[in-house]
Number of protein chains: 2
Amino acid sequence: MDGLTINEAAETTGWSPRMLRYLESVGLILPPRTDSGYRKFGPEELQRLRTLKELLARFDCGLSDIAFAKRMREDEELKQAVDTWFEAAPRPPEGVASDDWLRWEQEKHQRLLGIAA
Amino acid sequence: MDGLTINEAAETTGWSPRMLRYLESVGLILPPRTDSGYRKFGPEELQRLRTLKELLARFDCGLSDIAFAKRMREDEELKQAVDTWFEAAPRPPEGVASDDWLRWEQEKHQRLLGIAA
DNA sequence: TGAACCTTGACACATCCGTGCTAAGGTTGC
DNA sequence: GCAACCTTAGCACGGATGTGTCAAGGTTCA
């Protein structure tokens with residue numbers, strides 16, 4: 001077999017076999033399978049597993065955070081909606097009447113969030 | 001008072017007063033305060049509250065997801081690290097020896113994740 | 001063929017997230 | 001000055017996350 005089995009991969013990456021399966025279930029690491037269904041962890045998977053661990057530890061975030069980042073990369077509409085929400089500055093720009101600015105913001109959000117989007 | 005009080009804002013946005021305070025505690029909505037410490041919800045805050053509700057419902061995500069998106073916007077290093085992790089494609093590009101590619105990836109990750117970053 | 005691995009599925013548990021409620025105390029406004 | 005609002009702080013609780021462990025069964029290989 002070209003690649004490690006799940007227990008071997010667990011051994012060298014520091015994840016538990018259980019977590020390796022969990023990571024697959026949430027779509028973060030998807031190792032290929034042998035014909036009989038065994039997971040095969042190649043160098044790329046091992047490297048990604050190690051760096052994922054570092055990422056979580058260094059920035060103290062959870063798997064669901066990374067999973068959401070993945071959703072944003074894959075769903076352009078979601079990314080747009082989130083970006084737009086943040087770009088609605090808490091204070092209107094200078095030189096624009098507050099009412100006009102608010103109306104413009106409302107339209108912008110409706111464009112991106114509305115059912116017909 | 002120019003702006004609604006927390007209960008009035010709750011009334012018109014559909015959030016509960018409790019959640020308005022919670023949203024502030026996680027940094028998603030930060031209404032200004034009166035001299036005595038009362039929150040003032042102006043048109044911008046109200047609009048953001050409504051669109052936030054839409055956003056969560058339409059894409060079925062949680063506040064912690066949006067909070068993480070905020071972290072990524074504000075912490076360039078975090079954003080870089082996450083992007084880099086995703087860009088480590090599960091399969092090396094064609095025409096590059098697997099070992100070379102892996103070494104290159106390792107270096108890239110060390111650049112972005114290493115303590116000296 | 002039998003030991004040692006793999007698979008999926010499920011139960012269990014700690015922790016966090018989202019949310020409501022209550023308590024103790026300050027502010028506002030008639 | 002009192003009713004009706006605001007503040008923070010805290011308890012509580014259901015649901016989701018992250019993780020271990022066990023069970024029942026298929027695969028590998030000496």
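In what follows, chains are A, B, ... by sequence order, proteins preceding strands, each numbered from 1. Every value quoted in this text rests on a predicted model; they were computed, and no experiment measured them.
Judged by distance alone, with hydrogens and angles left aside, the side-chain atoms of B/W15 form a donor-acceptor pair with the main-chain N or O of B/L49 at under 3.5 Å.
Here D/dG18 presents its P atom at 9 Å from CG of A/L56, a figure rounded to the nearest Å. Straight-line distance from the NZ atom of B/K40 to the P atom of D/dT7: 13 Å, rounded to whole Å. In this entry the distance linking CG of B/D65 with C1' of C/dC17 reads 11 Å, nearest Å. The CG-C1' distance, from B/L28 to C/dC17, rounds to 13 Å in whole Å. Between A/K53 atom NZ and D/dT19 atom P there is a gap of 8 Å when expressed in whole angstrom units. Atom pair B/R39:CZ and D/dT8:C1' shows a separation of 9 Å (rounding to whole Å applied).
For B/K53, there are no salt bridge (Lys or Arg N to Asp or Glu O under 4.0 Å) partners two or more places apart in sequence or in a different chain.
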Could you list the protein-to-nucleotides 22-24 of chain C atom pairs, N/O on both sides, closer than 3.5 Å?
none

Do any N or O atoms of the protein come closer than 3.5 Å to N or O atoms of nucleotides 28-30 of chain C, and which pairs are they?
from: C/dT28; atom 1: OP1; to: B/S36; atom 2: OG; distance (Å): 3.0

Check the interface with nucleotides 13-15 of chain D: list each N/O to N/O pair with the protein under 3.5 Å, or write none.
none

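Contacts with DNA chain D (heavy atom under 4.0 Å) in residues 14-24 of chain A: A/S16, A/R18, A/M19, A/Y22, listed by number.
Contact annotation: A/S64 side-chain N/O to D/dG18 OP1/OP2 distance is under 4.0 Å. Regarding contacts with the backbone of D/dT8, a side-chain N or O of B/R33 is found under 4.0 angstrom from either OP1 or OP2.
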Got a list of side-chain donor-acceptor pairs under 3.5 Å for residues 21-32 of chain A, not counting sequence neighbours?
from: A/E24; atom 1: OE1; to: A/R33; atom 2: NH2; distance (Å): 3.3
from: A/E24; atom 1: OE1; to: A/R39; atom 2: NE; distance (Å): 2.5
from: A/E24; atom 1: OE1; to: A/R39; atom 2: NH2; distance (Å): 2.9
from: A/E24; atom 1: OE2; to: A/R33; atom 2: NH2; distance (Å): 3.2
from: A/S25; atom 1: OG; to: A/Y22; atom 2: O; distance (Å): 2.7

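With respect to the salt-bridge test (charged N to carboxylate O, under 4.0 angstrom), the residues A/R73 and B/D83 qualify.
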